[in-house]
Novice: 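Let me give you the structure first, and then I'll get to my questions.
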Amino acid sequence: MNSTIFKNIVRFVLLVLVQVLVFSRINIGGDNFNYAQVFIYPIFIMLLPIRTLHTVSILLGFLLGFTIDIFYNSLGVHASACVFMAFIRPYVLSALEPRGGYNVNLSPTKSHFGFPWFAIYSGILLFAHLFFYFSVEAFTFYYFWEIMLRTILSFFISAFFVIMYQYLFDPRE
Amino acid sequence: MQNLILLFVRHGGLILFILLESLCMYLVVQYNQKQNSIYFSSTNVLSGTLHNQYDDFVQYLYLANVADSLANENAKLYEQLDDAKFNRSIWRDTLRADTLEPQYIFQSATVINNSINKYHNHITIDRGKNHGIRPSMGVINDDGIVGIVKSTSGNYSLVMSVLHNQTRISAAIKRNNYFGSLVWKGSDPKHVNLNDVPKHADLIIGDTIQTSSYSAVFPKGIMIGKIDTFWIEPGSNFYSIDVKLSNNLSNLRYVYVVENIMKGEQLELEEEVQDE
């Protein structure tokens, strides 16, 4: 129990640092084609234990997004996307529930549920997160197709790193 | 209180989600230049549209008042017309200062009852004795003549419409001033007949018919209609003229009652002749 909390705190700090120090400086496509960004910090919300209370995960999502926002200098934008993602997480989990049900003490990781399950799970959450993020960033649906393009391009590159994270660290909690 | 806690336990995620998203949106708008300007321009569009709609609606509510005041203003303007005034100029004096003085007084009124499909069509208006309306005053509207007041009560008057087969109105052809009397044969609410125009008059289809200056009821020059067809009955010395009315009597709303304040004087004088 305590080790789970500790690991999550460490993961929180590391993901924020990596996101802010590394990925926020990567500008794929140069200044004229600013469509693809790498978001790796949503992993934190994806990997919260399944038993985490809905309200707690939403609050943690807000905390995570707010922290990222402080460094991105875009107060509220990442936070709203993270809150949205944390909000839909239980619904995605129940939609993807395996036949035997979940062992609620587990975290939804690749090592527990296999690669295809994790790919679908993280893909849905990541896409929702990115779409919400770019919508709030544009703050208008007037540029809907541009939002869509940014979401899709960022989705592929971010998903790659999310899956890579699973293979590199193979987290179990 | 217990219900409130229960509600939060059951829907805590949703409530927290809405609260935090509201907070996020507040932060987004408050601390981000771009989103802030989009937010304010959008809300401006929204509130502007809303205010416009509200204004339109309120204006609609005041429409009746506006129409009333316009009608009163029109009545005043009619009085300004030269044809509505009595010319006092005297030609032995070369000075002709302010010789027109009011002869016709106009008062706006609203039609509250109307018929066009009988032999004797009447219109009821919401002005009566209390407003100075008396029988045999003329009634017109913006498009032409309407009728003549027949009887009055305290607040209402009954108007004999042009479409009444006892109405006789002195009418003239605008182009050459030949005059006749206007009667309705009791069939078509769009057409009236002009009789007693002598055979030697020169007529063209489309000639304008207006009130003549011989009428003591209407000022000269109020539109009546246009000549539709004309013919001469065999053995007659006068034309029969079919006049298409310029106004539509089936949807009257605002009318003006015309009072000739010199009418008594004129009739008195004319009666002397008839008595002889």
Side-chain angles (χ1 to χ4, degrees), chain A residues 34 42 45 48 50-95 125 128-129 131-144 146-147 150, chain B residues 1-70:
Chain A
N34 188 19
I45 301 166
L48 286 173
I50 292 172
R51 67 166 185 274
T52 313
L53 283 174
H54 199 186
T55 46
V56 172
S57 59
I58 289 174
L59 276 171
L60 287 174
F62 180 75
L63 191 67
L64 173 69
F66 194 79
T67 314
I68 299 286
D69 272 330
I70 289 170
F71 294 108
Y72 268 72
N73 205 7
S74 62
L75 225 51
V77 183
H78 288 91
S80 67
C82 284
V83 168
F84 177 66
M85 182 185 164
F87 174 70
I88 64 166
R89 192 179 87 119
Y91 305 115
V92 175
L93 277 174
S94 70
L125 287 183
H129 177 87
F131 182 72
F132 202 94
Y133 170 79
F134 285 115
S135 302
V136 175
E137 207 230 346
F139 215 62
T140 161
F141 280 114
Y142 187 78
Y143 302 109
F144 181 79
E146 202 161 309
I147 292 171
R150 280 166 191 263
Chain B
M1 195 61 204
Q2 203 179 353
N3 285 343
L4 212 67
I5 293 168
L6 215 66
L7 186 78
F8 195 80
V9 168
R10 209 169 288 164
H11 301 290
L14 182 64
I15 294 168
L16 194 67
F17 169 69
I18 292 167
L19 283 176
L20 285 181
E21 283 297 347
S22 313
L23 177 63
C24 287
M25 289 305 150
Y26 172 76
L27 293 174
V28 168
V29 171
Q30 200 67 28
Y31 294 101
N32 295 275
Q33 194 58 49
K34 188 182 88 181
Q35 283 89 338
N36 181 278
S37 64
I38 292 174
Y39 171 77
F40 277 105
S41 63
S42 317
T43 48
N44 272 350
V45 169
L46 188 73
S47 64
T49 320
L50 190 74
H51 281 306
N52 262 350
Q53 302 264 336
Y54 179 75
D55 271 4
D56 284 353
F57 178 69
V58 170
Q59 274 186 2
Y60 183 79
L61 292 182
Y62 284 111
L63 221 53
N65 291 344
V66 173
D68 272 355
S69 73
L70 280 178

Novice: Who pairs with Tyr91(A) by side chain to side chain donor-acceptor pair (under 3.5 Å), at least two apart in sequence or on another chain?
Specialist: none

Novice: Can you label the angle between the Phe17(B) ring and the Phe84(A) ring as parallel, tilted or perpendicular, going by 30° and 60°?
Specialist: tilted

Novice: For Asn73(A), is it the side chain, the backbone, both, or neither that has a heavy atom closer than 4.5 Å to a heavy atom of chain B?
Specialist: backbone

Novice: Of all heavy-atom pairs between Val28(B) and Gly76(A), which one has the smallest distance, and what is that distance?
Specialist: CG2-C, 3.3 Å

Novice: Could you tell me the separation between the OG1 atom of Thr55(A) and the NE2 atom of His11(B), rounded to the nearest 0.5 Å?
Specialist: 13.5 Å

Novice: Please rank Ala81(A), Ser74(A), Pro90(A) by heavy-atom pairs under 4.5 Å with chain B and give me the top one.
Specialist: Ser74(A)

Novice: Enumerate the residue pairs fulfilling ring-ring contact (aromatic ring centres under 6.0 Å, His included) with a member in residues 25-52 of chain B, sequence neighbours excluded, ordered by first and then second residue.
Specialist: none

Novice: Around Tyr72(A), counting heavy atoms of other residues, nucleotides and ligands shown, do more than 12 lie under 6.0 Å from its OH?
Specialist: yes

Novice: Is the shortest side-chain heavy-atom distance between Leu20(B) and Phe87(A) below 4.5 Å?
Specialist: no

Novice: Using heavy-atom distances under 4.5 Å, tell me whether Leu14(B) contacts chain A through its side chain, its backbone, both, or neither.
Specialist: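 Both the backbone and the side chain of Leu14(B) come within 4.5 Å of chain A.
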
Novice: Could you list the donor-acceptor pairs under 3.5 angstrom formed between side-chain atoms of residues 55-68 of chain B and any protein atom two or more places apart in sequence or on another chain?
Specialist:
none

Novice: How far does CG of Leu23(B) sit from CZ of Phe66(A), to the nearest 0.5 angstrom?
Specialist: 8.0 Å

Novice: If you check every heavy atom in residues 56-64 of chain A against those of chain B, which residues fall under 4.5 Å?
Specialist: Ile58(A), Leu59(A), Phe62(A)

Novice: Rounded to the nearest 0.5 Å, what separates atom OG in Ser42(B) from atom OH in Tyr142(A)?
Specialist: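 The OG atom of Ser42(B) sits 12.5 Å away from the OH atom of Tyr142(A).
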
Novice: Which pair of heavy atoms, one from Val77(A) and one from Gln35(B), lies closest together, and at what distance?
Specialist: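 That closest heavy-atom pairing would be CG2-NE2, 3.9 Å.
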
Novice: State, to 0.1 Å, how close Ser80(A) and Met25(B) come at their nearest heavy-atom pair, and which atoms those are.
Specialist: CB-CE, 4.1 Å

